[in-house]
Amino acid sequence: RVERGGVLVQLDPELAQLEAAAANAAVNSSETQLADARRRLREAEKLWRDQGIAESEVKTLRAEVATDESDLLESSAQLRLREAIVQRHSVRAPFSGVVNQRMTELGEWVNRGDGLVELVATDNLRFDFPVPQEFFAALQDNTRVELTLDAMPGQVLSGKVITAVPVKNADTR
């Protein structure tokens, strides 16, 4: 049994964590470069006002600050992406239920889209079964029914008819 949001499968996150650490280092580097570029721009603007530096130098430093700001945005986005990928190494149950089947084994490599487990919801179960034609007329929406299952001897399940769908079997003519 697993509750909604519970971990179904934990994939090995080592490689993704290393990529996230590298992305974090890139963010730190971008922040340092941007801080240095801003400092040099402030100094250059002060010198330019005193006519101690050419205006083109100030414009070059402004462009460098803008480039470093863009680099920081890009590296921050890469870090968020890598952190999100690390989080996705924990496959969580989208709903409460029972793991019916395991489709992979411990240590097996999996690819995106591969089935890992089959999760079956156990709340609000719906049963679909044929009813002999002579009883079909007795079925109406909301008709109360009781079911017994071989898998659960002695236990009676109660429910109601949601929909009765007339279907003919071509084999019986």
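Owing to the predicted nature of the structure, the values given are computational and were not obtained by experimental measurement. Below, all heavy atoms of this structure are taken into account, side chains as well, without hydrogens, waters or symmetry copies. Residue numbers run from 1 in the order of the sequence given.
Between atom CG of residue Leu11 and atom CG of residue Leu116 there is a gap of 6.5 Å, rounded to the nearest 0.5 Å. Distance CG/Leu139 to OG1/Thr163: 11.0 Å, rounded to 0.5 Å. Rounding to the nearest 0.5 angstrom, the gap separating the CG atom in Leu41 from the CG atom in Asp36 is 11.0 Å. One finds the CG atom of Asn100 at 13.0 Å from the CZ atom of Arg102 (value rounded to the nearest 0.5 Å). Rounding to the nearest 0.5 angstrom, the gap separating the CG atom in Asp71 from the CD atom in Glu69 is 10.0 Å. The distance from the CG atom of Leu157 to the CG atom of Leu149 is 5.0 Å, given to the nearest 0.5 Å.
In this structure the side chain of Leu119 reaches within 4.5 angstrom of the side chain of Val2, judged on heavy atoms. Taking 4.5 Å as the limit, every side-chain heavy atom of Phe127 sits out of range of all side-chain heavy atoms of Val145. Within the 4.5 Å cutoff, the side chain of Leu72 has heavy atoms near those of the Glu31 side chain. Taking 4.5 Å as the limit, some side-chain heavy atom of Arg49 sits within range of a side-chain heavy atom of Glu45.
Under a 3.5 Å cut-off, the side chain of Glu108 and the backbone N or O of Glu105 do form a donor-acceptor pair. Judged by distance alone, with hydrogens and angles left aside, the side-chain atoms of Arg82 form no donor-acceptor pair with the main-chain N or O of Ala20 at under 3.5 Å. With hydrogens and angles disregarded, no donor-acceptor distance shorter than 3.5 Å links the side chain of Arg1 to the backbone of Val98. Within the 3.5 Å criterion, the main-chain N or O of Val161 finds no donor-acceptor partner in the side chain of Thr143. Judged by distance alone, with hydrogens and angles left aside, the side-chain atoms of Gln140 form a donor-acceptor pair with the main-chain N or O of Ala137 at under 3.5 Å. Side chain of Ser29 to main chain of Ala25: no donor-acceptor pair is present (N/O by atom type, distance under 3.5 Å, no hydrogens or angles).
Salt-bridge formation is not detected for the pair Glu64/Arg38: no Lys NZ or Arg NE/NH1/NH2 atom is positioned less than 4.0 Å from an Asp or Glu carboxylate oxygen. Lys46 and Asp50 are not joined by a salt bridge, as no carboxylate oxygen comes within less than 4.0 angstrom of a charged side-chain nitrogen.
Taking each heavy atom of Trp48 and Ile53 in turn, the nearest pair found is N-CG2, 3.2 Å. For the pair Asp68 and Ala37, the tightest heavy-atom approach, listed with the atom from each and the gap, is OD2-CB, 3.3 Å. Nearest heavy atom pair, residue Pro13 against residue His89, reads CA-CD2, 3.6 Å. Contact record, Leu61 with Arg40: CD2-NH1, 3.4 Å, taken as the closest heavy-atom pair. Of all heavy-atom pairs between Gln17 and Val86, the closest is N-CG2, 3.8 Å. Minimum heavy-atom separation, Glu3 to Ser96: OE1-OG, 3.2 Å.
Hydrophobic cluster membership is shared by Val99 and Phe95, with clusters built from Ile, Leu, Val, Met, Phe, Trp and Tyr side chains linked at under 4.5 angstrom. Linking Ile, Leu, Val, Met, Phe, Trp and Tyr residues whenever their side-chain heavy atoms come within less than 4.5 Å leaves Val7 and Met103 in two separate clusters. Val27 and Ile85 end up in different hydrophobic clusters when Ile, Leu, Val, Met, Phe, Trp and Tyr side chains are linked at under 4.5 Å. Put simply, Leu15 and Leu106 are part of two different groups of oily side chains (I, L, V, M, F, W, Y) that touch within less than 4.5 Å, one to the next. Under a hydrophobic-cluster definition in which Ile, Leu, Val, Met, Phe, Trp and Tyr are linked whenever side-chain heavy atoms come within less than 4.5 Å, directly or via other members, Val110 and Val91 are assigned to the same cluster.
Applying the 6.0 Å contact sphere to CD of Glu118 captures more than 12 heavy atoms from other residues, nucleotides or ligands. Other residues, nucleotides and ligands place more than 12 heavy atoms under 6.0 Å from the CG atom of Asp12. Atom CZ of Arg126 has 12 or fewer heavy atoms from other residues, nucleotides or ligands within 6.0 Å. Within a 6.0 Å radius of CD in Gln101, other residues, nucleotides and ligands contribute more than 12 heavy atoms. Surrounding CZ of Arg39 are more than 12 heavy atoms belonging to other residues, nucleotides or ligands, all under 6.0 Å away.
Side-chain contact check for Ser158 and Glu146: no donor-acceptor pair (N or O, by modelled atom type) lies under 3.5 Å.
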